[in-house]
Amino acid sequence: MPEGPEVETVRRTLEPHLTGRGIRSVRVLLPRIIRRPDPEDFRAGLAGGRVHGVLRRGKYLVLDLGERGRLVVHLMMSGQLVWAARPEAAAEHTRVVLGLDDGSELRMVDARTLGGLWLLGPEEAGPRGLERLGADPIAEGVDAALWRRRFAGRRAPIKALLLDQAVVAGVGNIYADEALFAARIHPATEAGRLGADPIERLARAVEDVMREAVAHRGTTLRSYADGEGQPGGHGPHLMVYGRTGQSCRLCGESIVKIKVAGRGTHLCSRCQPSPWQELPGAGAESRAPGAKRP
DNA sequence: GAGGGCCTGAAG
DNA sequence: CTTCAGGCCCTC
């Protein structure tokens, strides 16, 4: 579910409630969602700790526990982290509950159970994905010159690279499609064939799309809610994602959905023409992706 | 680089 | 019933 803008919204809504709070109790209702250490050590190591700050790295949330280390949470497709002033009747799909020293509680809720939690010591490395994150467009922006060097020679579709968290941190399926639309680039374009100009447009588009989504507190399609249980307001601003069959807001063409890099992919075929169809003197057949070079 | 697996729920 | 879903990881 949540991409960078949604996780950032969760971070912002949790920060005032959690900062400075002591963790009084830890209940683990689904042990296999605890990735490290084993659930009993997790519980014992977390209880009695204190939250010094709430950080985000890409799509990971990080509770800084001071000398006790940090609690890392990944929400994956369907996870939520929700704070409540008073313990509430166990919401469905609640997996972990932290009781805080002001009587409030923090619940990790996850219908599909794909999410994960790691309790790390102060010097302990986190999961691989966390240690290999690329630049964060929300926090730092994107370096187009770096992208140009990284994309050179790559035959992967540009969308696959946008979804690679080691290339850009926090971009997911929604904002990859939205950024490619804003940059007028077909998602299946081989990354190595993009010129300096389109790459610059794409870098700016990723920053703009992600920051605008944060300003609207994220996109709620199904289950996403922020740290106070509120849905995001960016949905009505989406240009292509989830708009299959509707007309392009810029040119009126019907939005189509295809599969790229194994993911459902939305685009406007007029605003984002296929690069191989535009090649002069080459039929679409002979230059289609996967076709052998003449 | 593509494809499948992980899980569950919702939609077609 | 089948297919699909805001993600990531592992295998061919």
Side-chain angles (χ1 to χ4, degrees), chain A residues 1-11 29-33 35-36 56-61 72-81 91-95 108-118 126-134 137-138 150-151 153-180 187-193 206 209-210 213-214 216-226 231-235 237-238 240-245 257-266 289-291:
Chain A
M1 143 261 268
E3 306 183 21
E6 288 73 38
V7 179
E8 175 61 18
T9 305
V10 172
R11 189 199 70 74
L29 297 123
L30 181 73
R32 68 177 163 76
I33 210 163
R35 307 294 183 84
R36 213 197 298 170
R56 178 187 61 85
R57 297 284 178 263
K59 298 174 193 171
Y60 293 85
L61 265 172
V72 174
V73 182
H74 199 303
L75 300 172
M76 289 295 267
M77 297 287 266
S78 59
Q80 302 176 7
L81 265 186
E92 207 181 0
H93 308 310
T94 298
R95 309 307 183 188
M108 199 279 188
V109 179
D110 186 2
R112 290 175 66 181
T113 74
L114 296 172
L117 298 90
W118 296 256
R128 253 227 260 298
L130 177 61
E131 301 299 334
R132 289 188 184 174
L133 290 174
I138 298 169
R150 264 194 107 154
F151 294 175
R154 297 290 302 269
R155 301 204 60 182
I158 181 59
K159 175 161 176 178
L161 296 197
L162 286 183
L163 292 174
D164 182 346
Q165 301 299 295
V167 173
V168 227
V171 176
N173 209 31
I174 294 177
Y175 301 117
D177 285 4
E178 293 295 311
L180 286 162
T189 309
E190 287 180 16
R193 293 188 46 193
V206 167
V209 161
M210 301 278 277
V214 170
H216 293 133
R217 307 167 54 85
T219 303
T220 296
L221 299 175
R222 313 178 164 69
S223 59
Y224 167 71
D226 69 20
H234 188 67
H237 300 272
L238 295 176
V240 288
Y241 192 91
R243 300 193 65 246
T244 313
K257 184 177 178 189
I258 61 175
K259 193 150 242 177
V260 178
R263 312 290 301 273
T265 298
H266 311 74

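Keep in mind it's a predicted model, so treat the numbers as computed, not measured. Chain A is the first sequence line, chain B the second, and so forth, proteins listed ahead of strands; every chain is numbered from 1.
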To the nearest Å, how far apart are [X] [atom1] and [N] [atom2]?
| X | N | atom1 | atom2 | value |
| --- | --- | --- | --- | --- |
| A:Asp164 | B:dG1 | CG | P | 10 Å |
| A:His74 | B:dC7 | NE2 | P | 17 Å |
| A:Glu92 | B:dC7 | CD | P | 19 Å |
| A:Glu3 | C:dC8 | CD | C1' | 13 Å |
| A:Tyr175 | C:dA5 | OH | P | 17 Å |
| A:Arg222 | B:dA11 | CZ | C1' | 9 Å |
| A:Ile174 | C:dC4 | CD1 | P | 18 Å |
| A:Arg112 | C:dT3 | CZ | P | 16 Å |

Under 4.0 Å, counting only non-hydrogen atoms across every strand here, what does [X] touch: a base, just sugar-phosphate, or nothing?
| X | answer |
| --- | --- |
| A:Lys257 | sugar-phosphate |
| A:Arg132 | nothing |
| A:Gly262 | nothing |

Integer angstrom distance from the C1' of C:dC1 to that of B:dC6: 22 Å
Pairwise P distance for C:dA5 and B:dG1, with rounding to whole Å: 23 Å
Can a side-chain donor-acceptor contact be found between [Y] and [X] if the only test is distance below 3.5 angstrom?
| X | Y | result |
| --- | --- | --- |
| A:Thr265 | A:Lys257 | no |
| A:Ser78 | A:Asp110 | yes |
| A:Glu3 | A:Tyr224 | no |

Is any side-chain N or O of [X] closer than 4.0 Å to OP1 or OP2 of [N]?
| X | N | value |
| --- | --- | --- |
| A:Gln165 | C:dC8 | yes |
| A:His93 | B:dG9 | yes |
| A:Lys259 | B:dG3 | no |

From C-beta outward on [X], which listed nucleotide comes closest to its side chain: [options]?
| X | options | answer |
| --- | --- | --- |
| A:Ala156 | B:dG1, C:dA5, C:dC8 | B:dG1 |
| A:Thr113 | C:dG7, B:dC7, B:dA2 | B:dC7 |
| A:Arg263 | C:dA5, B:dT8, C:dG7 | C:dG7 |
| A:Met76 | B:dG9, C:dA5, C:dG7 | C:dG7 |

Base-pairing mate for B:dC7 - Watson-Crick or G-U, with both contacts under 3.5 Å: none
Worked verdict on A:Arg95 versus A:Thr113 for side-chain hydrogen bond (donor to acceptor under 3.5 Å, both in side chains): CA-CA 8 Å; A:Arg95 309 307 183 188; A:Thr113 74; 5.7 Å; no
First of A:Pro127 and A:Thr265 reached from the 5' end of DNA chain C, by closest nucleotide: A:Thr265
Closest-nucleotide 5' rank along DNA chain C - winner of A:Arg128 and A:Leu114: A:Leu114
Parallel, tilted or perpendicular: rings of A:Tyr60 and A:His74 (30°, 60°): perpendicular
Short N-O contact, A:Arg263 and A:Asp177, less than 4.0 angstrom: no
